Structures are given as C-alpha cells and as structure tokens.
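Data block below; observations after.
Numbers restart at 1 for each chain; the letters A, B, ... are given by sequence-line order, proteins then strands. Predicted, not measured: the structure shown is a model, and the values here were computed from it.
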Amino acid sequence: MDFILIQFLTGLSNASALFLIASGLTVIFGVTRIVNFAHGSFYMLGAYLTWTITRALWDWGGREPLLFVLAILFAALAVGALGALIEIVLLRRIYRAPELFQLLATFGVVLIIQDIALAVWGPEDLPLPRPPWLRRFVEIAGSRFPQYDLILILVGPAVLAALWFLFQRTRFGILVRAATQDREMVAALGVDQRILFTGVFFLGSALAGLGGAIVLPSQSAFLQMDLAIIAEAFVVVVVGGLGSVPGAFLASLLIAEVQAFGIVLVPKATLVLVFLVMAGVLIVRPYGLLGRPQAHARAATGTVEPVIRPAPAILGWAGAVALALAAAAPFFAGPYAVTVLVELAVFVLFAASLHLMMGPGGIVSFGHAAYFGLGAYGAALGLRFLAVPMEAGLVLAPLLAGLFGLVFGWFAVRLSGVYLAMLTLAFAQIVWAAAFQWVEFTGGDNGILGVWPSDWARGKAAYLWLAIVLCIGATLLLRRMIHAPFGYALRAARDSELRAEAIGLDAVRIRLGAFVIAALGAGLAGGVYAYGKGSVFPTYISIPKSIDALLMVLLGGVQTVSGPIVGALAYHTLFLTVLQAFAWWRLVLGLAIVLLVLAFPQGIAGFVRQRYERARGIEGA
Amino acid sequence: MLSIRHLDAFYGRAHILRDVTLEVARGEVLVLLGRNGAGKSTTMKAIMGLVRPAPGASVRFDGTEIAGRAPHEIARMGLGYVPEDRRIFTDLTVMENLEVGRQPARDGLEPWTPERLFAIFPNLARMRDRPGGRMSGGEQQMLTIARTLMGNPRLVLLDEPSEGLAPVIVQQMAEAIAAVKAAGLTIVLSEQNLHFARRVADRAAIIEKGIVRWTGTLAALDAEPDIKAQYLSV
Amino acid sequence: MSGPVLEARGLHKRFGGVHAVNDVSLAVHAGEMLALIGPNGAGKSTCFNLLNGQLGADAGEVRLEGRPLAGLKPRAIWRLGVGRTFQITATFASMTVRENVQVALISHHRRVWSFWRPARRHFGNEADALLAQVGMADQAERPCGVLAYGDLKRVELAMALANDPKLLLMDEPTAGMAPSERIALMELTRSLVRERRLACLFTEHDMDVVFGHADRIIVMNRGSLIAEGDAAAVRANPAVREVYLGSGGH
C-alpha cells in the first residue's frame, strides 16, 4: 500500500513539470498553429538559467529558499522573453509557410541553442547544490518523501488555475481563444495579431522555462534535456488533445503516473507502457482526451500541389552519368570517398522512402528514423541471435521495419497534419528508447558491433556496388510507384479525400500502404547502412536522424519526384562539410536550416522546377 | 466618407475586381447589388485589407489612405466588417464574442455597450452565456453584427446580411440596420435580394464581373428595368 | 415502368433536439431529374447526406434498385453505381483533367494496387471518351487546379460517370457558377440523364435551374416534405409560396 501511495505521489510531482511544458506547447500551437520544436530548448534553458541565477543569488544572500524561488521566476521570464524574441525575429516571417517548414525552422533553433548552451555552460551536467531545506523529507505512511516534490505537486494545479483565469476572465485570454479559432476575423475586428502572437509565445516559452526551472533540484541541467522532454511533451499534448490546456493537465497526470508505476513494475519497458497507454487513448478518442477534430483552419490562400510530370530526358541522362561515375569511383577515388558514396546511396533511399509518404501521400512523418533504425537493428539482431548471413539480414531488415510500419501506421494514417507529425515522432522515440533501455537485447548505448557483410561483399568496391544496386534500385522502384496507379490513388487521397471516397478509393488503406512501403524502403536503407558501418547504435533512431530525412526531402522539394535524390545528395554533402569545417557544427547547421527555410520555401528542386516551367511556359498549378 | 478609386484585386491569377470606383457619403446606406461571384464580397474584403488591393488602388477613409494597410489598423480607424459567413467564435459565449469586438469609443458617437446592443437584438440578451456554436443561423448573424458594432465603427461593411435567413429574421435584420443607421453610422451592404435592399438602402451600386456597372438611387434603379434585367435577372 | 432506382422510406434524423429530417420518403426513376428544394435549414443537406451514405439515418431505409444501403460507406455506395458531384467542387487539383478521370476509371476497374505500369497508360481512351461527353476533351491536359469553376463541375460529372452509374446525386450543381454556365451544365446533365437512362436527384437554390430542368420537384421545410409535383404545380402550391418563394424576391 505504502509503495503505491509513494509512487502515486511521485507521479503527481512529475506531472507538474510535464504539464507546464505541454500546456505551453499546446497554447502556442492553438494560436499560431506552429508546433514549436524549440519548446524543449526553452525547458533546457529554464534549467540552465535557474542554475546560474540561483548560484549568483545564493553567493550574494545565502542559500535561502526565497532566493531560489526568485531565481526560478527570473529564469522563466528570461526564457519567455527569448521566446518572444525568436517569434519576432524568425517565426513572424514564416506564419504563411507550410507547417512543415515552420517545424523545421524551430528545429534549426534547437540546434543553435544546443551549441550556445554548450558554449556557455560546457558539456558537464550541472547539479544544483542542495542546501538542507532542499533535502528535507516528509514522513508519509511510514516512508520518506521529499518535501520539495510535495510542493511540486501543488504547482501543476496552481498553474492550471492561473491559466484558467487568464483564458476565461481576461481580455487577453478571450482574444487568444478567439484567435485560436479564426485569426483573420480577430484582425478584422481591430486586434493586432502580432502583439497577440508574441504574447502567446512569451507565455508558452515562460511556462517551458518554468518547467525546466522546477525540475532542476532533482535532475540537474544537462545538454540532452531538450529532445528528451519534447517527445514526452508531444505525447502529452496528443493524448490530452491538441490545443486543450485541461486536456494537457489530465494527460500529464496520466502519463506521469504510468511512468511512475512503470519504472517500478516494468523498468525496461516504461516507454513501451507509455506507448500502449497513448495507443489505447487514441483508439477510443482519436483526437485525445479533450481534443476535437482539428477544424480545417482557414487557409489564407488555397495552396495547390503541382502536377507531376515525367522528368525531362536530360535529367534521366544526368542521373545515369552520375550513377556511372559513382559506380566507377573505386577505380579512381580513395576509400573515404567510397565510404561516403555508400552513405549517399543509403540516404537517397532513406529520403526517397520518406518522400513517398510526404509528397504524394501528404503524410508528414517526424519519426522516419524509426524504420531506418529498425532495419539496421533487424540486421544486427538477426546476426546476434540467429546468426543469419548478410543476404538474409538484408531481407530481415525491411521486413522488421515494414511490420512496425504496419502497426504504427495503423494509428498514424487516421490522423493528419500536426497530430500525425507528433504521433510519428512519439513512435520513433519509443523505438529509440527500446534500443537504448533494453541493454541485454540491443546492447543499449554501446550498440551492436561486428555487423559485417558476407565475404563476397566485404571489399569497399563490392559493397559500394551492392549498396548502389539495392538502394538506387529500390529508389527507382519507388519513383515508378509514384507514376503508377497506386501513386495516383495516393495523391488522389491527399488532394481530396471526399472525392477519393466518392470514387470508391479507401483513403486510409491507401495511405497505410504507402506508410508500409516507406517503412520497407527505410528498413532496407538501414540494413545496408548497418553492414556498411559494421555496427548499429541507438542514434540511428534518434530525432536528429528523422530530421535529417525531413531536411533531405524538403531541401530537394516535396512535390518533385527527383527532389529527395537531389536533397539527400546536397544535404549529406553539406552535413559532412559543415561537420569537418566547423567546431560549432550544430550552430552552423541550425543557422543554415533557418536561412534555407526563409529563402526557399519550396526546396531546391521545387525552385529549379518552377524556374524551368516558367521559362518554358508550362502551365503549373 | 469612403472613397474608392481604381481598385483592382486578384485571387491568385484570377482578376476579381477591375477598376472599382465608389463614393460613400456620411450617414447613407449604400447597397452593392450583383449576382453570386460578381465581386461584392471581394470589394469589402479589399476595403478591409483582407484581400490586398493591387498597386495603384486608392481607398480613402475620412481622407486617410488605407489601401495596403493591415486589417487591424483599418478596423481601428473606424471601419467595421461583418463577413458573409458570419465567422462567429463558436467556442466563445455571446458576451465573449462581443468582448473580442470591443474597441475604444470614438468622438461624436455614443459608444456601444452590450446592453445597448441587446436593445436592438433582443434575442441575444436571452443567451449571454451561450457558446456561439450553439446558436441558430439568424442568432449568429445578429451576433456578428453586434460584435462588429462593439468596435464603435463609423462605417460598417455588411456582407449579405439577409442571406439564408427565415423571413421573420430578415424582417428583424432590416429593423436592426435601420437602428444602426439612426445611430449615425454609415453603412455599405451587399445583397442579392433586391427586395431587402429596397427596404434598407438609399443608394445602390451594381457590380458585375468585378466592374461597377451602374450607380444611383433605388428609385432610379426601379425606373430602369433594362439594367435590372441585364445585371440582376430579377 | 420498372421500380424506382432510388427509394427512401420513412427517413428520420435528429441532431440533439432538432428533428432535421422527419419521415421523408421519396423515389427517383430511371431517366428522371428530381429536384429537392427548400429554404436554408429545411433539412435538404441532411436528407441528401442520408441518401449518399455520408450520414446514417436514425430510422427508415434507403434502397438502390431494391438493395438496402444502410451502413454502407460512400465508397461502397459508389461501387453499387452512385455517382456524385459536390456543392463545392472536389477534384484532384494536382492532376490534369484526363488524369482525374483516369483515377476514377482505375478505381472502377480495381487497379489501384498496381505499382508498375504508369497510370497515364491506363484507360486513356475511356477517359477521353467521357471527357468528350461532357465537352472537356480540349482541356484534357490542363491541371484541374487552374480550371474555371464551371469546367471543374464538368470534370466532376465525367468522374461521376466513370463507373457507369445508375444514379447521379448532385448537391447544388450550379452553385457559384455564372448564369450562362448554369444553363449549359444543366442542359448537359439533362442530355446525359436521357441518353444513359440515369436517375438524377439534385438540390438547388437557383429557381430558374429548378423550374427549367427538373422533371419533378419535391419541397422540404423544417425537416418534412411539404409538396411534390412538376414545376407548375409546385409554383402554384400555397404552402411552398409561403415558406420559400415568397421570401426570396424571385
């Protein structure tokens, strides 16, 4: 009994921080329709700033609780101000861009803040010194429970009450709720949206900062806090219902309790448990506990996807020449170049598989690395436990990824837009956590080593040719599919689900088909990558890997069939260059992403194609 | 009071308004007549800045150039806009909807309060705390006008206020418009229903294919059956 | 004359406290154009959505050539031979006119799950034949995203014909069109209905379209049918004049 009570209280106290973060995310989304990836970074900055300010204040006035509270408030306000600044400088320019680009821009901010935090606070974890009042315990049912955690339990409901008051009883809150529904009408009634948006960003960021601040005494500040929390926050927001603050509160309680009990009952599978809970909620209530179907937010201008036309012949020739050069590389280039070419072949397929979903399917996955990683792990685990040779491993890889694609896709394709993006990201985090936590099976952080190809493919040149045949071959198959009836049916379901159903097309099944095919492709890419590297690690499944895939597709242009190929080549080359040339590569990459989003909202290939069609007078759409 | 010159507007590549020129005098009710898709709504949206007027257009409100300004700036100068599709905030109550519309009072006009609006729209007084989403179409139409009046505008653009309403509600709407006019406001409304227009308006402008074809009083329009037949097909 | 193509009996639908459709029965025969009219909020759209499977009825049944449609999804109803056009046109904007029709044909012939042969080479001739019927052959290569509104309606019609339907359901077919386009579209529909012996049920606001093109008219008000008959009979009906025509200034 005691154990249950204590775990329950622990859950309640964890729920508070989770609620602060999720409520900020949900409020920002509600008004601006931006899913703010950088929200996790604000949380991290909240922790770091609290660390710095608290120490400064304590040096000055002694380790008093009041000074700590003051530091927390300062930190939250500072983070809020930073959020407002980012809104003014960056996001305000891209409110009309596709939501994907907004997400990417905020991911660029994540990278920038990561390097700034590294530069300012260094790579070490920073724990807060714990004066006696922070170490105090309370006797509850015969067990000791930290007094600080008991106070935290109250923070969540207190903030919920404050937010309720703000949204129901103040003019600002009423305007925010109105703008959540119809921004343009609010403007036509004389309300300056810019102030409203900046205000909402300030509020949401400050809440995230507050969340980071209050967990500092029990967690310390560290550099991976941002992405660790953002996936959890997405789960809470999806479970609670997008845009619903009370929903976020309920969901944070639910998720935190599941974690609190899960960590004791099934320590290896906490995240799987969270997944099951989320899946259960979404089966019963597809839009979350208190969510409603996303109103088709009024689009200021109707965007129409362009018509897909067969590529000009010259493009085919250029591709063939490039491929021949790549295949001949072992004869004139060094081993490093050959290794890079294998990676390029892998990433072309990785990007092309995501593109099938994103472009023709309109399904924007933020967790495509899950299937890449599942492919890699499928090959490695097959070797480790079944001792299968490479040939069988390369069959196992796509199959494992495809199987998971079927399960995850079953949930995902019923949703759309931001819900779908968040859900796919959460699924990927679960796969990542399984690879990371389940050390006996997956080797945890150390990964699985010794995943080498069969003898005949062990040479650099032989493996490059194998990679080209498999990856480029599969990519060409995917291209073929886009032009085949299946690809047309997929685009039909994207363009107008109403019309698709009215001509007998089962939109959900068609999308699920695309999801599974994309997972198969990514899985094959992952398998080839695993044998090429000789090892697999959880980083193959991490959020940055999923973002890599997105960047490749977007850089190339979503609505061009050649886009992912161009994008994968350009991105990976850029990435390697930046990695080698700059110590602060995240900062440079982040800035590059932000600038690219601002400069090329249609991607490189999309930009070129637009120029080409305009020059030739072809009627676009 | 409102002077529009050479107003062109586009949706994408579609040329919706062509060289629209209109004058609205203080205190009058001008009705824009025309069929569906003639450009009446777009004219209003372009005045409000919701559709960007093409370069070269001039929209002067009380002598101030407003073409190219942001919608909220235009609204704050004293232009009120009531959209055709009402665009009530369905999650917000009647009182909250009115609060969103509230703007400071303006010189020379008695400021609108919820109580004063409820006198014109008695239905709304009975449902102050009802969410906008649970109101009938007619009630929503009244709320959307009341909401705009809360901004204390000097001129109101009313886009098809009678559309889709039951006859008894149309009657109330005509009375409400008369009350708003009596309060000293200038009104531009668009209509397809000539019958309704005749009851509320002083002057008419006929728009067809984005071009102003005819302007004059309603009595003058009744004297020109050819014009009516050609552009309004009544 | 054989039995009706579409027959509805005793349809009821409530939303909360509102009885949106109250005991509606109707039948449409082959070769007939039946118009469903009524003031806004009369329950036309709800009634229409009960017939096409978008909504499930609380009571009553809908039969297509004697076969009950209860519980079937719109896509299953399409397979039974029901083509639809929408009030706000729904076509595939990223495809050309011909490709739109080809997709409908691909679905009709159950070739969706094929991955190799390009879609452009599926049913091109059939698509061109359908486009010729609706007068869109010369625009076959244009993207739907750039078409004029009236032309989009024609594309919708061609797609509706792709599965050789027995019944056409058209929700406000002429909404948003210029008067000359309206007449042309309804003339076209009428000739297709006659030629192919289709049954056609449509809702409409434009009384000129209704009186000019419907063989029979049924009038709804407050969820119930209040009148039925040809143009002259409906025009003369005092109940209809009271609820509908009187208020609109037509």
Side-chain angles (χ1 to χ4, degrees), chain A residues 296 301-311 356 359-362 474 476-514 516-517 520-521 558-561 613 618-621, chain C residues 52-54 73-97 99-123 139 141-147 155-156 159-163 165 169:
Chain A
H296 288 286
T301 49
T303 48
V304 174
E305 307 298 359
V307 173
I308 289 185
R309 299 175 192 280
L356 177 74
L476 292 175
L477 271 179
L478 289 174
R479 278 179 66 113
R480 184 99 202 173
M481 262 177 219
I482 291 177
H483 290 290
F486 176 74
Y488 272 69
L490 190 59
R491 275 163 61 206
R494 175 199 68 193
D495 281 1
S496 168
E497 185 153 346
L498 184 68
R499 171 51 72 192
E501 293 276 331
I503 57 164
L505 298 174
D506 187 341
V508 167
R509 252 182 77 193
I510 289 167
R511 280 199 208 108
L512 182 59
V516 172
I517 291 168
L520 288 170
V558 181
Q559 298 307 347
T560 48
V561 182
E613 291 195 346
I618 296 176
E619 193 170 39
Chain C
N52 62 34
Q54 213 92 329
K73 295 226 162 87
R75 60 173 179 272
I77 291 179
W78 181 79
R79 294 234 175 263
L80 294 175
V82 179
R84 293 172 60 189
T85 68
F86 298 103
Q87 183 178 351
I88 298 164
T89 56
T91 56
F92 308 129
S94 77
M95 299 178 201
T96 64
V97 168
E99 287 169 348
N100 266 270
V101 181
Q102 281 176 301
V103 170
L105 288 162
I106 284 167
S107 174
H108 174 56
H109 293 283
R110 296 180 182 275
R111 293 285 174 78
V112 169
W113 296 88
S114 76
F115 299 92
W116 190 251
R117 203 156 65 96
R120 285 162 189 275
R121 286 198 236 141
H122 283 79
F123 313 112
Q139 301 197 56
E141 290 297 332
R142 299 188 73 197
C144 266
V146 302
L147 289 188
V155 177
E156 275 205 314
M159 292 171 85
L161 296 176
N163 70 331
L169 295 177

Please check if the side chain of A:Arg499 supplies one atom and the backbone of C:Ala90 the other of a donor-acceptor pair under 3.5 Å.
yes
Name the member of A:Met481, A:Glu497, A:Glu501 that forms the most heavy-atom pairs with chain C at distances under 4.5 Å.
A:Glu501
Top residue by heavy-atom pair count (under 4.5 Å) with chain A, among C:Cys144, C:Gly83, C:Ala104, C:Ala76?
C:Ala104
Over all atoms of both residues, closest heavy-atom pair of A:Asp495 and C:Thr91:
CB-O, 4.5 Å
Examine whether an atom of C:Thr89 lies under 4.5 Å from a heavy atom of chain A, and if so say whether it belongs to the side chain, the backbone or both; otherwise answer neither.
neither
Nearest heavy-atom approach of C:Ser107 to A:Gly504 is OG-C, 3.7 Å
I want to check something: taking the side chain as every heavy atom from C-beta on, are A:Arg491 and C:Phe92 in contact at a cut-off of under 4.5 Å?
no
With a 4.5 angstrom heavy-atom cut-off, which part of A:Ile510 approaches chain C: side chain, backbone, both or neither?
both
With heavy-atom distances below 4.5 Å as the criterion, would you say the side chains of A:Arg480 and C:Trp116 are in contact?
yes
Can you tell me how far apart CD1 (A:Ile503) and CG (C:Asn100) are? Round to the nearest 0.5 Å.
8.0 Å
On a heavy-atom basis, the closest approach of A:Pro485 and C:Ala119 is N-CB, 3.8 Å
Counting heavy-atom pairs under 4.5 Å with chain A, the top scorer among C:His108, C:Glu99, C:Arg121, C:Lys73 is C:Glu99
For C:Arg79, which atoms come within 4.5 Å of any heavy atom of chain A: side chain, backbone, both, or neither?
side chain
Under 4.5 Å from any heavy atom of chain A - which part of C:Gln102
neither
pair A:Tyr488-C:Arg120: side-chain heavy atoms closer than 4.5 Å
yes
Turns out that what part of A:Leu490 lies under 4.5 Å from chain C's heavy atoms comes down to neither
